[in-house]
2 protein chains.
Amino acid sequence: MPKVGMEPVRRKALVDAALHVIGDQGTLSVTMSDIARQAGVSAALAHHYFGSKEQLLVETVRSLLKQLRDDTVTALNAAGTPRERLSAIVRVSFQADQFAPETIAAWLAFYSEAQRSEETRRFLVIYARRLHSNLVSSLKQLCVADDAQRIAEGTAAMIDGLYIRRALGSSPVTADASIALTDDYITLNLHARQPQEHAA
Amino acid sequence: MPKVGMEPVRRKALVDAALHVIGDQGTLSVTMSDIARQAGVSAALAHHYFGSKEQLLVETVRSLLKQLRDDTVTALNAAGTPRERLSAIVRVSFQADQFAPETIAAWLAFYSEAQRSEETRRFLVIYARRLHSNLVSSLKQLCVADDAQRIAEGTAAMIDGLYIRRALGSSPVTADASIALTDDYITLNLHARQPQEHAA
DNA sequence: TTTTATTGATTGATGGATCAATCAAAAATA
DNA sequence: TATTTTTGATTGATCCATCAATCAATAAAA
């Protein structure tokens, strides 16, 4: 069995498995065995490569975050105008894999974990900052800096809120509806505060 | 010791203790011992009155929800116009005790739990529906029904989102700022879609 | 043969649940 | 009023399952 160079393969498999199982069960209280089984290896091997469950979980948030960042970068590169960039950011947030119930359940679990794990909180704060910063960056080209901050704050909140409501699975919040709602919010704000701006 | 009629007293003490401990630790993975200790009784007594940890947790969500409902009813009674009622709903969501870090941590933990516990999800769905319904009820007097639905959806999402961002404790989301942001969202929407409405 | 990969077996700790045993107030009885 | 009986309240001790973590052993490269 043991081909050399398995480490990166196993690490990835385990992180993916963790994400899968966590999303499926909706909690971080999954066992190392659950994760290992999903990855097709023994629990002992998971410990061998990650040292502890906590470390594996940390790597898992990191991975979740990286995925989102990569998607965002790609989307931003394809967008031309500032307004298009804003829509791109919104769209990425609600695109298929991010908005899948299991993915949201995993995010939720990590948000809860952030209350305890300093490292997890750090990662989530990074996500929040990045989203905010991306929004502000485009908004500043469309309105005054002060408004840009406010609109970014509201947009970010709405995105996160739509996630939560989706997690409950109550109201049929489709991805498209979520995108429309968030995009409308931006448009509304820009039209309300910007008319006199084109003079500058 | 045993004065008769302790049951309601103990139940309340245990539920309050559960809320306290859960909010403090930010997770439902608190032990019955932790809760019982906080309530000043033995773990065995908690089992005696609630049968299981799960049941105690369910009663705890119920209590959290009841608190919010009572506050909302009070606020709505004090509000006159539909627009005032909307602001009242928003204000209640961010009022001191609801917006306290421990309370938010508890909410978050329960949202995560809803992925597993059918009963917990039921309660949270009720909360979501009630919020939505309260919003729509007032909005319909200020704009067309179709818009009312949409605005309610966005408002609810923004409220939930601001909660999450507060939970992270990153950006300094004060209660006042949150109220302003949400209220602005409502105002903006009403002004944007309503001008031609006064003709009807 | 040395190194890397891998696992089954084992363990220490934790925590939910159960239960037999107290304790004291209240009610019934004398 | 004094005495006995009953019952709710309460707990310490304990059982049992789960789980993270460790380790010694095995198997396949190199």
Side-chain angles (χ1 to χ4, degrees), chain A residues 1-22 24-61 109-110 112-113 115-120, chain B residues 1-22 24-61 109-110 112-113 115-120:
Chain A
M1 246 192 276
K3 261 187 305 191
V4 178
M6 278 290 101
E7 175 153 0
V9 177
R10 294 306 188 201
R11 292 186 87 98
K12 180 171 189 328
L14 283 164
V15 164
D16 288 350
L19 201 52
H20 184 278
V21 175
I22 290 168
D24 197 52
Q25 298 193 211
T27 177
L28 297 195
S29 292
V30 294
T31 69
M32 288 295 265
S33 299
D34 287 341
I35 297 172
R37 187 176 324 117
Q38 175 68 34
V41 299
S42 73
L45 193 65
H47 273 97
H48 173 66
Y49 283 127
F50 289 93
S52 70
K53 179 183 176 181
E54 185 173 353
Q55 199 50 42
L56 170 53
L57 293 184
V58 166
E59 299 295 328
T60 304
V61 209
F110 280 119
S112 185
E113 172 69 7
Q115 305 290 319
R116 272 147 283 135
S117 160
E118 179 56 43
E119 207 163 355
T120 300
Chain B
M1 242 190 282
K3 259 187 308 190
V4 177
M6 278 291 99
E7 176 156 357
V9 178
R10 293 307 187 203
R11 290 187 88 96
K12 182 175 188 324
L14 283 164
V15 165
D16 288 350
L19 201 51
H20 184 278
V21 175
I22 290 168
D24 197 51
Q25 298 194 210
T27 178
L28 297 196
S29 293
V30 294
T31 69
M32 288 295 263
S33 298
D34 287 341
I35 297 172
R37 187 176 323 115
Q38 175 70 31
V41 300
S42 73
L45 192 65
H47 272 97
H48 173 65
Y49 283 128
F50 289 93
S52 71
K53 180 183 176 183
E54 185 175 353
Q55 200 48 44
L56 170 53
L57 293 184
V58 166
E59 298 294 328
T60 305
V61 211
F110 280 119
S112 185
E113 173 69 8
Q115 305 290 319
R116 272 146 283 135
S117 159
E118 179 54 46
E119 207 162 355
T120 300

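Each chain gets a letter, A, B and so on, in the order its sequence line appears, and its residues count up from 1.
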- request: Take the protein atom CE of A/Met6 and the nucleotide atom P of C/dT3, then report the distance between them rounded to whole Å.
  value: 20 Å
message: Please report the distance, rounded to the nearest Å, between CD in B/Glu54 and C1' in C/dG16.
response: 12 Å
query: Which whole-number value in Å describes the distance from B/Met32 CE to D/dT14 P?
result: 21 Å
statement: Between A/Gln25 and B/Arg116, the two heavy atoms sitting closest are O-NE, 3.1 Å
field: Sorted by number, the residues of residues 38-45 of chain A with heavy-atom contact under 4.0 Å to DNA chain C
entry: A/Val41, A/Ser42, A/Ala44, A/Leu45
message: Checking contacts here: which listed nucleotide (C/dT18, D/dT10, D/dA21) is nearest the side-chain heavy atoms of B/His47?
response: C/dT18
Show me the donor-acceptor pairs within less than 3.5 Å that the side chains of residues 12-20 of chain A make with the rest of the protein, sequence neighbours left out.
{"from": "A/Lys12", "atom 1": "NZ", "to": "A/Asp16", "atom 2": "OD2", "distance (Å)": "2.6"}

- prompt: For the pair made of CG in B/Leu28 and P in C/dG16, what is the distance, rounded to whole Å?
  reply: 12 Å
message: Which residue is it: A/Asp34, A/Leu57, A/Thr27? I am looking for the one with a side chain to side chain contact (heavy atoms under 4.5 Å, CB included) to A/Ile22.
response: A/Leu57
message: Can you tell me if B/Glu54 has over 12 outside heavy atoms packed within less than 6.0 Å of its CD?
response: no
- prompt: Starting at CD of A/Glu7 and ending at C1' of D/dA29, how long is that distance when rounded to a whole Å?
  reply: 16 Å
message: Please find the pair of heavy atoms, one from B/Val30 and one from B/Val21, that lie closest to each other, and give the distance.
response: CG1-CG1, 3.6 Å
field: Whole angstrom value for the distance that separates C1' of D/dA20 from CD1 of A/Ile35
entry: 11 Å
field: Where B/Glu59 and B/Phe50 come nearest, the two heavy atoms and their spacing
entry: CG-CE2, 3.7 Å
task: Search all heavy atoms of B/Ser29 against all heavy atoms of A/Ser29 and return the closest pair with its distance.
output: OG-OG, 3.9 Å
query: Any side-chain N or O of B/Arg10 less than 4.0 Å from the OP1 or OP2 oxygen of D/dG8?
result: no
query: Taking CZ from B/Arg37 and P from D/dT11, how many angstroms apart are they, rounded to a whole number?
result: 13 Å
message: What's B/Phe50 touching, base or sugar-phosphate or nothing? Going by heavy atoms closer than 4.0 Å.
response: nothing
- prompt: Checking all strands, does B/Val9 fall into the base, sugar-phosphate, or nothing category for heavy-atom contacts under 4.0 angstrom?
  reply: nothing
- prompt: A/His48 NE2 to C/dG8 P: how many Å, rounded?
  reply: 15 Å
